[in-house]
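Values in this document were obtained by computation on a predicted structure and should not be read as measured data. For ligands, and for the atoms within them, numbers begin at 1 and follow the listed sequence. Position 1 is the first residue of the sequence; numbering continues from there.
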Amino acid sequence: MEMGSALCPYWSSLLRELAEAQCALQAPRSTALVWRPAGRRPREPRISRCSSMLPALAWAAPLVSALTVGTLPRSSPTPVAQSPPLAPFEAAVQLCELRSRGVHESLSPSVPRLLRQVFDEDFRRVLRTSGDRAKTVHNLTCFQPEEGVDGSLLFDEALTALPLREGRVCLGGECCSACSRVTFPQLATHRECVDFRRQLDSVMAPASEHPHHNLYLASCAAAGDVRTTLTFIRLVERMRRVVAHEYGLQLANIAPRSTFISRITGDAVDESRRSLHVDESSYSSFHYSCVLYLSSQGEDFEGGGFSFSDPPESEGGSRVLRSLLPRAGLAIAFSSGWENAHFVEPVLAGSRFAMPTFFSTRPSSAGEDDNYVFDDEVIADSLWRMALMPETENDCRQLLQQWHQLFTEST
Ligand SMILES: O=C(O)CCC(=O)C(=O)O
Ligand SMILES: [Fe+2]
């Protein structure tokens, strides 16, 4: 069986695309298969000196081997099978890098397809590793401010004194009628957290100058490092999918409204304690919250616990604190309403990295108005303009608004 004959037209064209791109990047003349390690940048383009497609195909071959598992013969006559597979995420990053280097004039429509494949696989892994025993669910009665009482922008004592009644506000959206807190011990792997933190080091301001720094997705994108931005997006999408899954929401009806990396060091002691707050009280468009930790208490930092503060269990009693020990890869997802008041304890030493992300829902009937079709070329253009090379803050705001249209379709 010829390798090409086993490939669907899509993968054949992806192979061709990568081959041409590599050709344009003046692939080495040797026909030996050379694995290009993750993160190594392609060479400068010198199109005229590229004489053969063969080395270029060799460069792309691991990608094909990774994506056609089961379709290639076991005893492939080429050394393809011996090459470490180029994972779909790596392929997406490399295609984006080709665009940033100007080798491609537009972002390949393969990028959204590859990303959807990554997101689907990530979600399947989370479901596998967060089976009912690993994940912990704490069900709660939903609370909102009493009728006619303005519950917005309240903190600490003013918040705990607020009269509440059952139910959700969920302004402009459609929330699940059940509220909860769900802990995922491994939404990300330890390796992913370490790698992402290392990438963030070159994007974030030095900790010595900014002991407490929030890096928003827009600023990360503006820094122009496509790998870091794509990793950021990948983790947000993982959170979005678990939140949708937990609360029975359609992926088409939930989008991130705000997402940032919060880095707090021990030097920020005075300002690092975050007041007792309710996310939906701070921003009425926040309907679901998810915080992914990228570093571990006791290893990377001291202090910095995350605590829910619940009403007293008996009349005259004191509020009940339920603390969570942040650990790299662990995530907590919760309904953003008044049932989930919380705060962050001061960081005493080291660097605490967290990724708070807030989601808005929209009414399920809103989807009926979506009469436009986003094909992968349009999505690729939007991704490039809004996420990878945004020129204005508005570009990135649009990314959050259109997120569900860009990333929901499953192939
Ligand atoms: O960093 C954390 O653990 C939570 C942050 C938080 O509550 C928020 O940003 O609203
Ligand atoms: Fe919060």
Side-chain angles (χ1 to χ4, degrees), residues 138 140 143 151-156 158-160 162 168-169 179-185 187-188 193 196-197 200 204 207 210-220 232 235-236 239 243 256-266 268-269 271-310 319 321-348 350-360 400:
H138 183 104
L140 298 163
F143 280 109
S152 56
L153 289 171
L154 297 177
F155 302 94
D156 299 317
L159 179 67
T160 54
L162 185 75
R168 291 217 60 176
V169 176
C179 290
S180 63
R181 300 165 188 164
V182 189
T183 314
F184 298 88
L187 193 77
C193 295
F196 190 33
R197 260 166 31 210
L200 287 168
M204 295 182 87
H210 294 271
H212 184 178
H213 182 38
N214 289 342
L215 177 79
Y216 285 83
L217 179 56
S219 316
C220 179
F232 203 141
L235 293 172
V236 171
M239 293 193 232
V243 168
R257 181 48 72 106
S258 177
T259 178
F260 60 95
I261 308 290
S262 126
R263 184 194 59 204
I264 311 176
T265 67
V269 133
E271 39 160 324
S272 72
R273 182 183 179 280
R274 310 287 299 275
S275 314
L276 178 67
H277 67 278
V278 160
D279 294 335
E280 201 171 345
S281 161
S282 307
Y283 294 92
S284 59
S285 56
F286 292 179
H287 302 154
Y288 291 95
S289 311
C290 186
V291 188
L292 168 65
Y293 295 97
L294 302 173
S295 61
S296 304
Q297 191 185 51
E299 278 174 37
D300 303 302
F301 63 92
E302 301 298 334
F306 173 96
S307 276
F308 288 107
S309 164
D310 292 332
R319 290 185 69 86
L321 298 187
R322 293 194 166 85
S323 298
L324 180 97
L325 309 182
R327 233 183 34 249
L330 176 143
I332 172 96
F334 52 96
S335 43
S336 308
W338 282 256
E339 64 284 346
N340 273 320
H342 58 275
F343 65 96
V344 177
E345 291 154 12
V347 176
L348 305 174
S351 283
R352 177 191 195 268
F353 279 82
M355 192 172 161
T357 301
F358 308 94
F359 297 92
S360 292
L400 298 184

Taking side chain as C-beta onward, heavy atoms only, is Val347 less than 4.5 Å from Glu302?
no
Looking only at atom types and distance, does a side-chain atom of Ser336 sit under 3.5 Å from a main-chain N or O of Tyr288, one as donor and one as acceptor?
yes
Does Arg352 come within less than 4.0 Å of Asp300, counting only side-chain N to carboxylate O?
no
Minimum non-hydrogen distance to atom 1 (O) of ligand 1, winning option of His342, Arg352, Met355
Arg352
Need one value: angle at the Fe ion (ligand 2), Asp279 atom OD1 versus His342 atom NE2, rounded to 10 degrees.
100°
So that I know where these two stand, are Phe334 and His342 an aromatic pair - ring centroids less than 6.0 Å apart?
yes
Could you say whether the N/O atoms of Ser262 and ligand 1 ever approach to under 3.5 Å?
no
Phe343 heavy atom under 4.0 Å from ligand 1
no
Only heavy atoms of Phe358, strictly under 4.0 Å: list the atoms of ligand 1 that pass.
8 (C), 9 (O), 10 (O)
List the steps and the verdict of salt bridge (charged side-chain N to carboxylate O under 4.0 Å, His left out) for Asp310 and Arg322.
CA-CA 8 Å; Asp310 292 332; Arg322 293 194 166 85; 2.4 Å; yes
Considering only the protein, which heavy-atom contact is closest to atom 3 (O) of ligand 1, and what is its distance?
Tyr293 OH, 2.6 Å
Side-chain heavy-atom pair Phe301, Pro326 within 4.5 angstrom cut-off
yes
In terms of atom number and element, which parts of ligand 1 are under 4.0 angstrom from non-hydrogen atoms of Ala354?
1 (O)
Taking only heavy atoms of Phe260 into account, list the atoms of ligand 1 that are under 4.0 Å away from them.
9 (O)
Does the gap between the ring centers of Phe359 and His287 come in under 6.0 Å?
no
Which is it for Phe286 and ligand 1 at heavy atoms under 4.0 Å: side chain, backbone, both or neither?
neither
Considering heavy atoms of the protein only, find what lies nearest to atom 6 (C) of ligand 1 and give residue, atom and distance to 0.1 Å.
His277 NE2, 3.9 Å
Got a salt bridge between Arg168 and Glu280, using NZ or NE/NH1/NH2 to carboxylate O under 4.0 Å?
yes
In terms of atom number and element, which parts of ligand 1 are under 4.0 angstrom from non-hydrogen atoms of Pro356?
9 (O)
